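Start at 1 and go down the list; that is how both ligands and their atoms are numbered. Just so it is clear, the values below take in all heavy atoms, side chains as well, and ignore hydrogens, waters and symmetry mates. Here the structure is a predicted model, which means the values were calculated and not measured.
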Amino acid sequence: MRELSLEELRQRRSIKWQLYGPDVLPLWVAELDVSLADCVTTVLEQAVARADTGYAAPFQLGRAFAGFAKRHWGWDVDPSWCVPVGDVMAGVAEALKVLTDPGDRVVICPPVYHPFFEVPPSIGRPVELVPLVDGALDLPAIDVALGAGARVVLLSSPHNPTGRVWTPEELDQLDLVVRRHDAVVLADEVHAPLTLPGATFTPYAPRRSVVLTSASKAFNLAGLKCALLVAGNEDVLPAVRRIPVEVSYKVGHLGALANEVALTDGDAWLADLVRHLDRMRGLVVDALGDRLTPPQASYLAWLRLDDERPAERLLREQRIALSEGADFGLTHHARLNFGTTTEVLTLALDRLLTTYPAERASPPLG
Ligand SMILES: Cc1ncc(COP(=O)(O)O)c(C=O)c1O
């Protein structure tokens, strides 16, 4: 995988590279600093050459995802159980609208991706916090929350920001709890294609669920607006069938084209990316050792740092932009996006270590 230069990255117009000044190294929002897969570049260039920028026709998207899910995880997806949506969080909102009534509570497990706190309340479904305990789901507390009337568990799988890949046993236990209360899981699996060496991703389906997915995180397509909502099993199918067709009108045409080709022809590029991310994870773990539990998936490192708002301090003192832990529901932490180049990551880690020196003392020489 050719590494982009810092100069090339600084020319980008996306939010990651635009929000802060040119002296700041951005390691915050979940965008990747890599070039596109060739198959994606080709499909986008051809569309632009045809002036083909009308509305999306995402008819093959379900089939493309079904192929990907079968090859990577052995999951049999019925394309007719898939609904194209504009993005993952729009899919979460649409699923909640058909699965729950206004006022129904949604369990989330912080620290977690910050829009999980905001999207359910934005459509009248309050969130109920059941924090992770030592990085694991607190199943007894989820049981209590569902017993007291919460209707849905919104699960990040793999988990953003900790990078945990849930085991089949953990998912089975959650499924038992959820069925006991006739509730349902919304499984956000957008990071699953980026499971790193050492871990094996288990799809939540066919447990009782609606699954949200996209090629957007793995192939860096977030700005093109395309994701997929998938009925995880027959229990939720009637609700999924009630999602109005207009929902799919929010899909971006270029996003649908890019998702389809990435999910169909992108495996070799993705394998190369995962090798790169594994190397970048190694750099983070070597530099920061005791400050994190190494992530099992994706490109996010969840760091324990000795200030309430360490990202604020790092931006001020070192001109590196991380995501603030408090935004995910936990202070004294920051999330570092290592989906970048060796150059950017090395520079950023050096700066970070200036403010927060390694905790582990080197063994004395001799
Ligand atoms: C867990 C999780 N879900 C959803 C998203 C966003 O997806 P979208 O932009 O498609 O809503 C992200 C982005 O980082 C994420 O980490």
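- Using a 4.0 Å cut-off between charged side-chain N and carboxylate O, Arg208 and Asp175 make no salt bridge.
- Cation-pi check for Arg313 over Tyr356 is met; the charged atom lies under 6.0 angstrom from the ring centroid and within 45 degrees of its normal.
- Inspection of the Thr100 and Arg151 side chains reveals no N or O donor paired with an N or O acceptor under 3.5 Å.
- Residues satisfying the side-chain contact (heavy atoms from CB on, under 4.5 Å) test with Arg304, not counting sequence neighbours, are Thr293, His333.
- Phe219 and Trp269 have their aromatic ring centers within a separation under 6.0 angstrom.
- Aromatic pair Trp75/Phe65: centroids less than 6.0 angstrom apart.
- Under 4.0 Å from any atom of ligand 1, one finds heavy atoms of residues Ala30, Asp87, Val88, Met89, Tyr113, Ser156, Asn160, Asp188, Val190, His191, Lys217.
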